[in-house]
Structures are given as structure tokens and as C-alpha cells.
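Whatever order the structure lists them in is the order used to number ligands and atoms, beginning at 1.
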Amino acid sequence: MEQTVKAILLGAGQRGAQVYGAYALRHPEEIEFVAVAEPDAARRAEFCRDHGISPENAVEDWRELLSRPCMADCAFVCTQDNQHIAPALAALDAGYHVVLEKPISRSTAELAALCERAHSTGRLVTVCHVLRYTPFFSKVKEILDSGVIGQVQSIQQIENVAYWHQAHSFVRGNWRREDETSPMILQKSCHDMDILLWMAGSHCAKVSSFGSLGHFKPENAPAGAPDYCLDGCPAADSCPYNAEHIYLRDTGVHVPVIRKVVSLDDTDEAVREALRRGPYGRCVYHCDNNVVDHQVVNLEFDNGITASFTMCAFTWEGSRTVKIMGTHGQITGDVEENKIRVVRFADGDTQVYHLDGGLEGHSGGDKGFMEDVVRQMRTGGVYAGGTGVDASVESHRIALAAEESRVTGRTINMKDFA
Ligand SMILES: NC(=O)c1ccc[n+]([C@@H]2O[C@H](COP(=O)([O-])OP(=O)(O)OC[C@H]3O[C@@H](n4cnc5c(N)ncnc54)[C@H](O)[C@@H]3O)[C@@H](O)[C@H]2O)c1
């Protein structure tokens, strides 16, 4: 029987507990969490109960856990955006391989420091770029490598954020202010920069970008809209962002996942109570958000491939759509539908692939990612995994360059980008 990987968790929030923790509960023969650091007492207690962690291995702060002798194969760093780099460096120093939530950091100096430390300690840093592990993008890469569409010339990718997801995470929620977390293009779309790099098979040479916060501003509020949706908003029936509509009615939105964020006790009564005066009950036009709700990025790679990327809040579906244009054919697809269509120009031959993403999150990417982490750990890091730290850092540098371009209006030459 293969070894069960031992892990510690730093930050038992939505990702740490509900995604990676939940995977461990479903696959106990693969991975086991043996310790947790989490300041929120209720979250810590729930994680300990679910994973059978003893009280001495449950602490409030990652610093305390990492000051102890190394007790597992890897450390999952699942704290918030601006709390990634310090625990990641400390975990490497303590002897752990690191599984690191994105974004790594918004500082290019910190990105370089992480690469240096990973190489000098000889430990793996695997950033959770889950898209690479989806059956969808694995298949796209296989098709590209087969050469059936000839030489790729251009790629178009759209990140359809979904109207409710933007409202939940980027207007009311944790990632609404770029000064407190990260610019949207880094936070939400570093995955896309990573996948574009992977598909282009080259380094990025130049980046330009445009975008703004177009809609979620006070001047767009319906007449008479109060600060909280449940305070009798006159636009309650017609507003798609009505909190009651998003969290308390079954409108096809991912209600179970996001309700847990609103209230750990996710019964209707508890969620309604949390919406009355909590952040997720606020009118989307009366929040303190400042991240963009639509942005475009143009990229040119060293091998001449060009790419255009659009991130947009105003979509029904939450998915990525992609079109890859080669000299002998094209690939089109939708990640959420898990459908890929390949057409060969010479004879019009058309292949359609319907993939099975499984029931686990990010179109099967979360599951594929965890399987990869388990494989890395079981080989003691000899198998280095699908995403190395250098590639992850490059994706982050592109996102940061795109943000600089959006703000300054300049085209950024990546070799000059410090
Ligand atoms: N890979 C992906 O596709 C993906 C998707 C969503 C979010 N994320 C990223 O995952 C990260 C976590 O997101 P989340 O939604 O789980 O956030 P969250 O706020 O639910 O979880 C973060 C947890 O860290 C804890 N924490 C804070 N200080 C700590 C400390 N000193 N020591 C230990 N724990 C501490 C918080 O109490 C919280 O429970 C974010 O950076 C986010 O951008 C990645």
C-alpha cells in the first residue's frame, strides 16, 4: 500500500478546510492533515473535529506551528492574499514542501525571493494553479502537442467571472479592494496567465492592458436603494445582485459553497441574520470596493504567438472559453461545459471531445491538483509536479505587468519589468 501523505494546514478557511481538507476526508488513504493553524476558534474547532487533530496540534497562528520541528511532508499555505509569502518562506526553512495558494505576492522582489528559497532549500513550492489539472486543459495541451492544428499563431481566452461571483467576492467580499488584497488581474487571472504561458510554450515578451470598475459604484444604485438589501430595497425584485436572491433562493448559483462563507452555520435563518448587517448583505452599489469589473490584456510571446485575454464580471456562466488558432486548424472550448471542438482546415475534419470533470471543484481542477500533490509527496519531491515555482512566478509577473500597463497606459516589455 502506498504511503499516506502527511500535511499541516495554515489557514482553515474556504480553500484550506472546504477544498483541501474536504479532499483529505474523501481520500484518507492519500493524504492526512495532522496539524492546523487558524485564529478563528470556530473554524479551528470544526477542522480539528473533522480531521481528528489533537488539541496540542491546533494553534492560532502559523508562526507557532512552524517554530516546531517539521512534523509532515508538506505545509498547505491557505491564508489570505497578503499573508502568503512569510509562511511560505518559513515553511521552506522548517523543512516542508509547500503547497501555496495563489497569488504568491504582489511584490516582484518577494516573487524572486520565493524562487531563490525554493531552489536553495531543494523543496517544492507548488502554487495552486488548478486550471492546469482540469481534464479540459490537459486535453487541450495534448491536442496542441499532437500538432494537429499546426503552429499556434494566436489564442483568445475569456474569463467569464459570473455576475454573482463578482458581487460575492469582488464587490462585497474579501477581494474587493486591491490595496488590501491584490489587483483583480493578479487575484483572479494569474491562473489564466499561467495557462496562456503553458499553451504558448514560450516566455512572454510584451503586455498591454485596459480596464476599469464600470458598474459597482454609487452612481449606478437604483433610486432609493438602502445600504443593505434586506432593508426594503425598492429594486429588490429586479436587481440581480440582491443578496436575498443570491444567497437564499435557488437560482442556479453555487449557493452551498458561498453560503458557508456568509455564515459557518449555513441554515436559512443564520444566513438571513448574517445578511442583515454583515458584509454580504450590503447593496453592491454602496460598498467600499475598488477592483475592476472588466479588463482586457494583450500578450506577445517570444515565439511570436499573440494572445488576447478578457476578464469580465457580466456573464451568466462562470467559466473560461478559449479559441486557439493554428496554421492548420483551430481548437474551441468551454471549460465549464467540458467540451472541446477541433477542426482541421485541410479537410474540415471535426473532433468533439466531451470530458468528465467529475463533481469536485474548478471543473475537476481541485481534484487533479490534489492528486498531483500526493504524487509529488509520495516520490519525496522527485516528481516535481505539474506547476513549478518558476512558471508560477512568471505568470504572476505577467499579471503585475498587465496591471502596470492598465494603470499607466504603457506597453510593458517583460525584460525591463522590475
Ligand atoms: N487556487 C484557487 O483557485 C483559489 C480559489 C479561491 C481562493 N484562492 C486563494 O486562497 C486563499 C484563501 O482563500 P479563502 O477563500 O480560503 O480565504 P479565507 O479567509 O476563508 O481563509 C483564510 C484563513 O486564514 C486564516 N488566517 C489568518 N491569519 C492566520 C494566521 N496568522 N495563521 C493561520 N491562519 C490564519 C483566516 O482566519 C482564515 O480562516 C486566498 O489567497 C485566495 O485568493 C485560491
Side-chain angles (χ1 to χ4, degrees), residues 8-23 33 35-48 57-67 75-88 90-91 99-106 126-134 137 159 161-162 165 168-170 172-178 180-195 254 257-264 279-280 291 318 320 335 360-370 372-373 386-387 392 395-396 399:
I8 62 169
L9 177 63
L10 315 179
Q14 207 276 322
R15 293 297 296 175
Q18 312 299 334
V19 177
Y20 308 118
Y23 181 91
F33 283 95
V36 61
E38 167 58 56
D40 183 301
R43 287 184 167 187
R44 194 170 64 246
E46 184 173 90
F47 195 81
C48 286
N57 285 338
V59 300
E60 289 186 20
D61 189 276
W62 60 263
R63 290 168 193 83
E64 189 181 341
L65 213 48
L66 294 180
S67 66
F76 278 69
V77 178
C78 299
T79 41
Q80 270 298 346
D81 287 19
N82 287 334
Q83 305 172 297
H84 287 167
I85 194 78
V99 180
L100 177 58
E101 260 308 350
K102 59 85 201 165
I104 304 168
S105 164
R106 58 187 298 172
T126 303
V127 178
C128 305
H129 282 308
V130 291
L131 286 187
R132 284 204 190 201
Y133 304 89
T134 55
F137 279 111
E159 177 169 24
V161 176
H165 188 11
H168 173 77
S169 296
F170 304 101
R172 296 177 167 124
N174 288 333
W175 299 280
R176 68 193 183 281
R177 293 193 63 84
E178 68 100 357
E180 287 176 11
T181 54
S182 340
M184 183 86 178
I185 198 72
L186 179 66
Q187 152 56 223
K188 189 83 181 88
S189 310
C190 62
H191 288 310
D192 299 271
M193 301 304 125
D194 175 65
I195 217 77
H254 292 260
V257 181
I258 60 176
R259 273 167 69 116
K260 260 301 215 200
V261 178
V262 175
S263 167
L264 207 50
Y280 295 98
V291 299
R320 273 135 175 133
V335 181
E360 296 179 47
H362 281 116
S363 308
D366 289 343
K367 176 172 179 283
F369 176 75
M370 286 299 280
D372 203 72
V373 167
T387 35
S392 294
S395 70
H396 282 54

**Q.** Per-atom contacts, ligand 1 versus A37 - under 4.0 Å to a heavy atom
**A.** 33 (C), 34 (N)
Q) Using a heavy-atom cut-off of under 4.0 Å, does the side chain or the backbone of H129 touch ligand 1, or both, or neither? A) neither
Q) Which ligand 1 atoms, with their elements, are less than 4.0 angstrom from a heavy-atom of C128? A) 1 (N)
Q: Would you check whether W175 reaches within less than 4.0 Å of ligand 1, judged by its heavy atoms?
A: yes
Q: For H84, check side-chain hydrogen bond (donor to acceptor under 3.5 Å, both in side chains) against everything at least two apart and list the hits.
A: none
Q) Is it the case that E101 and Y20 place a side-chain donor and acceptor less than 3.5 Å from each other? A) yes
Q. Are a donor atom and an acceptor atom from the side chains of N82 and E180 found within less than 3.5 Å of each other?
A. no
Q) Should the pair H396 and H129 be assigned to parallel (<30°), tilted (30 to 60°) or perpendicular (>60°) ring geometry? A) perpendicular
Q. Can you check whether D40 has an N/O within less than 3.5 Å of an N/O in ligand 1?
A. no
Q | Mode of C78 contact toward ligand 1 - side chain, backbone, both, neither (heavy atoms, under 4.0 Å) | A | backbone
Q: State the atoms of ligand 1, each with its element, that fall below the 4.0 Å cut-off from a heavy-atom position in Q187.
A: 43 (O)
Q | Region of D61 engaging ligand 1 - heavy atom pairs below 4.0 Å | A | both
Q: Any atoms of ligand 1 less than 4.0 Å from a non-hydrogen atom of D81? List them with their elements.
A: 40 (C), 41 (O), 42 (C), 43 (O)
Q. Taking distance alone, with no angle check, do R43 and ligand 1 share an N/O pair under 3.5 Å?
A. yes
Q.
Side chain, backbone, both or neither: which applies to Q14 and ligand 1 if a contact is any heavy-atom pair less than 4.0 Å apart?
A. both
Q | Set of residues satisfying side chain to side chain contact (heavy atoms under 4.5 Å, CB included) with respect to V261, sequence neighbours excluded | A | Q14, H168, Y280
(Q) If the cut-off is 4.0 Å to any non-hydrogen atom of G11, which atoms of ligand 1 fall inside it? (A) 23 (C), 24 (O), 25 (C), 33 (C), 34 (N)
Q.
If we set the cut-off at 4.0 Å for heavy atoms, which region of Q18 has an atom near ligand 1: side chain, backbone, both, or neither?
A. neither
